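Note that the structure is a prediction, hence the values are computed from the model and not measured. Each ligand, and each atom within it, is numbered from 1 in the order the structure gives.
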Amino acid sequence: MDALALGNLFAGIKKKTKVVVVSNRQPWFHERVADGIRAFRPASGLVTALEPIIEAVGGTWIAHGSASADRLVVDRKNRVRLPEQNPRFTLRRVWLTPKEEEGYYYGISNKALWPLCHIVYTKPRFSRKDWEIYRDVNKRFSDTVLDEVGDSPAIVFIQDYHLALLPRYLRNARPDLKLIQFWHIPWPNREAFRIFPWSEEVLDGLLGNDLLGFHIQYHCNNFLDTVEKTMEAMVDYENFSIYRGGRPTYIRPFPISVDFKQIGIDAQSAAVQEKKAGFIRELGPGAEGKKIYVGADRIDYTKGIPERLRGFDLLLQRNPDLKGRMTLLQLAAPSRTQIEEYRSISDEIENLVEEINRRHGTDDWQPVHFLRANHDYYAVLAAYGMADVVMVTSLHDGMNLVAKEFVAARTDGDGVLLLSQYTGAARELTDAVLINPYDTDQLADAMLQAFRMPEEERRQRMARMRAQVEKNNIYEWGRKIFEELLKRVHIGKCRSEAMRASRAGSVIQRLNPHLAAVKFLTLRCSSAILKKLHARLTGITM
Ligand code: F6P
């Protein structure tokens, strides 16, 4: 599957139906620069994955406009056509006040849901005031989507944990909308989730969707289990669906990916060569004779950066002969810096880098080069291209697209990927050197294994990983999601028909508490009438 094929798949659908993507993070932001205003792409896995899809399909992307010049480039409806050189979709910006951003983005999304879903021993923090703001902002996104679609039928593709309530608001206002949501982070087990003070509301919000996607089956199972133990709903484990209000939400795994072909082309561009030259200057004379280990992450406590540094430190302590023969180039994008835990992980990393460089460095060799900045796409590709080893050491990660981007960028077929077994990517990229980032000894061993790996083995492993990412590329991800939606819902269903079904749904919702009894009797008596009643109430034939 490629961009053209996905575009063609949508060409027919789009004659009758609008396509809207909604996320918190925008695919492009505008900043003032010396000679005017420039558009930049943020460091975000979500954007890396979704931007090629919206370019192929067209439509409107609704997102929070948060950069300094964002307001200066939009029209009266807050819209701007993008990408600037060759516009293929519309970005519609939603504005938030600093107080709203604080409660909704920093508060509930990143101080509560993010640590709650990742379970990396950082305590989630909850505040009722933040929750009220989160609700209001989700409502604001809902109003914007409704304004954007007008009276037309539409497929709305919602992204991530910032917008958990949006599907329910949309469903209540427009039962005929086709709603899909993709949850880009892990879904935890129910014991972890149950401490969230507004858990039912979040689950009810998500069950407004027709289709809800996670990266891996394990997260789908956790979600089904969480719903079953938390609220009134019929969980159908055979079909991986949940009925609430008589209407199903299908829960499916869709491992996200990258634009394999385009990354391979861009990796050989002049822009990347230029960035490589910059890194070589940074690494100093003799850089090319050394093995280069690369890390490229947002500064986030889930990414295991201190663990990686400790592994590197141990490797050098145990193997002094490696000193001067290897270098760690760490690209680190500042992220969510208003949150205390993010500031302290950043300090911890800087201290560790200083310590390692002091302990092992010599007059003509610096073990770790820590480059704290928002490195653009071409710079990141340049680092992947120079790497002998790329290290992804996340303590927990829904997918991790650094791993897949690296593989896609290595058209030369060489390079080693060191990958945490706690990433979604580890399920597909089994030819990486898989590690447990909590185990420093194991990490140091794996770094040594990568150092010594013979070229033939490197190439064989890389070839298999490249075949996997090429096959399950981002367009394939898009195709699977939309074909699953088409299989499950009737795209042409008109608004009045959907309204009738929705009214029937509210009656069923009121009967929900009695469903267990109906199910019990149906199974016991195997009565045809009861079976029919059960099927009417739940949509499930027994
Ligand atoms: O992994 C979840 C996610 O929202 C990604 O989709 C994205 O890459 C990352 O977090 C960036 O987060 P933010 O938008 O907060 O900078």
> Given the rule in the side-chain contact (heavy atoms from CB on, under 4.5 Å) test, do Phe254 and His215 qualify, once you have shown the distances and angles that lead to the verdict?
Replying inline: CA-CA 5 Å; Phe254 300 107; His215 292 295; over 6 Å; no
> Does the pair Ser241 and Arg488 meet the rule for a side chain to side chain donor-acceptor pair (under 3.5 Å), with working shown?
Replying inline: CA-CA 11 Å; Ser241 56; Arg488 302 292 161 196; over 6 Å; no
>> Test side-chain contact (heavy atoms from CB on, under 4.5 Å) on Tyr377 and Thr48; report intermediate values, then the result.
In response: CA-CA 9 Å; Tyr377 171 64; Thr48 308; 6.0 Å; no
> Does the pair Arg25 and Ser66 meet the rule for a side-chain contact (heavy atoms from CB on, under 4.5 Å), with working shown?
Replying inline: CA-CA 9 Å; Arg25 181 64 63 204; Ser66 53; 4.0 Å; yes
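Those atoms of ligand 1 with a heavy atom of Ser44 less than 4.0 angstrom away are 7 (C), 8 (O). Here is the list of ligand 1 atoms found below 4.0 Å of a heavy atom in Tyr105: 13 (P), 15 (O), 16 (O). Less than 4.0 angstrom separates some heavy atom of Ile185 from each of these atoms of ligand 1: 1 (O), 2 (C).
From the protein, the heavy atom lying nearest to atom 6 (O) of ligand 1 is Leu46 CB, 3.0 Å. Considering only non-hydrogen protein atoms, atom 8 (O) of ligand 1 sits nearest to Gly45 N, 2.5 Å. At the shortest separation from atom 4 (O) of ligand 1 among protein heavy atoms lies Asp160 OD2, 2.8 Å.
Taking 4.0 Å as the cut-off, Arg298 counts as a neighbour of ligand 1 on heavy-atom distance.
No side-chain donor-acceptor contact under 3.5 Å links Asn472 and Gln468. Under 3.5 Å, the side chains of Tyr250 and Glu484 contain no donor-acceptor pair of N or O atoms. Tyr161 and Asn110 form a side-chain donor-acceptor contact under 3.5 Å, judged by distance and modelled atom types alone.
By the criterion of a heavy-atom distance under 4.0 Å, the side chain of Trp114, and not its backbone, is placed next to ligand 1.
For ligand 1, the polar-atom distance check against Arg25 finds a nitrogen or oxygen pair separated by under 3.5 Å. Taking any N or O of Arg336, backbone or side chain, at least one lies under 3.5 Å from an N or O belonging to ligand 1.
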